[in-house]
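Some notes on the structure that comes next.
Sequential numbering from 1 along the given sequence is applied to the chain's residues.
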Amino acid sequence: MKDLLNVNFFMEIFERLHVAIYVADRDGKMVYLNRAAKRLDHLDDDVIGKNLADIYSNTVFREGMNSPTLDALQTGKPHIYENLEWYLKDGTTVNAITSTYPVREGDDIIGVFALSEDVDRLKAFLIKHGAFKQKISYRFRNKTMKNGTQYVFDDIIGKSELMKNTIVMARRFAAKKLPVMIYGETGTGKEMFAQSIHNASPYKAGPFVPINCAAIPENLLESMLFGTVKGAFTGAIDHAGLFEKAEGGSVFLDEINSMPLMLQAKILRVLQEKEVQRIGDSKTRKINCRIISATNKLPSEAVRNNELREDLYYRLSTGMVWIPSLRERNEDLSLLMDYFIEKANAELNATILSVSPDLDRLFHAYGWPGNVRELSNAIESSMNMTLDGETILDLRHLPTYLKRHFSEELMGMPNAEEVFSVRNDEMSPAAPIVHFHGNINDMVDSYEKELIQFALRATKGNLSRCGEKLGISRQSLSVKLKKHGIDPKVFKK
């Protein structure tokens, strides 16, 4: 037994542990780190004998804190179970549960050791072995495929009969070479269906070329679709239109009902003759592409209001796909909530496992006029309000603008008064208010930007205090500052 308990025996144990172990002497020089520590901090054996301050000279700890290892060595006070986040010199972010202890010999501190466990590795292990509720694993596509798409039918979430029938119908139409028209309210996922149809069609090897007909001015839309020849008008050059660029693939005409009727007549000719004529050109060019169109208004209503040519409607709708609204497939809501929580966990490095019964009741009682897109925004905004280590998303995580948004549903709940209460500083005349313009995404982004600017003014540009005021981490705040193009230095006084 005595021969077993030697240094080599313990070193062998340390090297096999998944916990990162670091040991430094009284001078702050690294004397040992195991394989897990090298893997976590991207270090090699050449750091042995070097000073910790030099090894981590380019490392930045969250909230501007100093290295807990050096602090324990200097003060003699341990740091136990701290959730630390630091950034390595190569830009990698490390998030670990860390404990640091000074080593004493009598009254003297002769060294220090630290134990760190990678949070991401720990989460994956616990989920794999059933310690957490096992969730459905979804694919989060971050890269665009070679044909310009991101989605296939397997990415569409839904177990309701309505959604399953819609997918079956869309798959059936995808296999044909005829035009397909998609109808669905705003936020139901029309482009996701369009891309999925393209990727399940004979045209999948060709490009997917989308265009929002409502977002392009009429004079530009025509040239973008059909192309131009040099001299057609001042500044015109020889330029292929989208129909030509989509050769062998699909053109997706979103919000087709917003296209001017004159251009709709030209689209009808493209469908009939399979050819296009560039602006200013005397000759026509044969094309081989499929047209997928979409509208957020009932096609029959668009025809009745003279927004969509009746003859074009009949040509485009040989395959008609109707996407149900979220309120019509309420049984899919829990699946979608799980998906958006899992996605936000991955993006925000959060640990939310489920929603509280109260929040679940609120979401199921709400009508979701903005459909899946609105649900996605509500989950993401609430996830931004969670703190490190929290596992349940609750009503209290709803940002103020969402509490106001859900006011009617919230007032029918038992703890509504507590949840719906608004602090005095949030009701200050200087605080931002909601401006109703554009769609919900635009309004949410605009209000989020105003809230951040308001908090920065109140905290004089202090990012840590600003994050606390908004209920988000400094890292999440930094991401949002970059997203909205906000320079915090402007608010320092």
Verify the distance criterion only: is there a donor paired with an acceptor across the side chains of Y366 and E374 at less than 3.5 Å? yes

Distance alone, cut at 3.5 Å: any donor-acceptor contact between the side chains of N371 and T188? no

Would R315 and E310 satisfy side-chain contact (heavy atoms from CB on, under 4.5 Å), going step by step from the backbone distance to the final call? CA-CA 9 Å; R315 291 303 300 267; E310 188 172 16; over 6 Å; no

Ion pair [X]/[Y], N-O distance below 4.0 Å:
X: E161; Y: R329; answer: no
X: D487; Y: K489; answer: no
X: E255; Y: K297; answer: no
X: R285; Y: E275; answer: no
X: E244; Y: R278; answer: yes
X: E273; Y: K286; answer: no
X: R171; Y: D154; answer: yes

Interatomic spacing from CG in L353 to CD in E342 - rounded to 0.5 Å: 10.5 Å

Could you give me the CA-CA distance, side-chain angles and deciding distance for H484 and Q453, then say whether side-chain hydrogen bond (donor to acceptor under 3.5 Å, both in side chains) is met? CA-CA 10 Å; H484 295 297; Q453 291 172 326; over 6 Å; no

Aromatic contact, W322 with F173 (centres under 6.0 Å):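 Ring centroids of W322 and F173 are no less than 6.0 Å from each other.
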
Between P299 and Y183, is any pair of side-chain heavy atoms under 4.5 Å apart?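 Side chain of P299 against side chain of Y183, heavy atoms only: contact under 4.5 Å found.
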
Flag the pair R290 / I197 as yes when at least one side-chain heavy-atom distance between them is below 4.5 Å, and no otherwise.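 The answer is yes; the side chains approach within 4.5 Å.
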
Could you walk me through whether T149 and N147 pass side-chain hydrogen bond (donor to acceptor under 3.5 Å, both in side chains), step by step? CA-CA 6 Å; T149 64; N147 62 7; 2.7 Å; yes

Taking the inter-plane angle between the rings of F363 and F406 on a 0 to 90° scale, is it parallel (under 30°), tilted (30 to 60°) or perpendicular (over 60°)?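 The arrangement is tilted - the two ring planes meet at 30° to 60°.
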
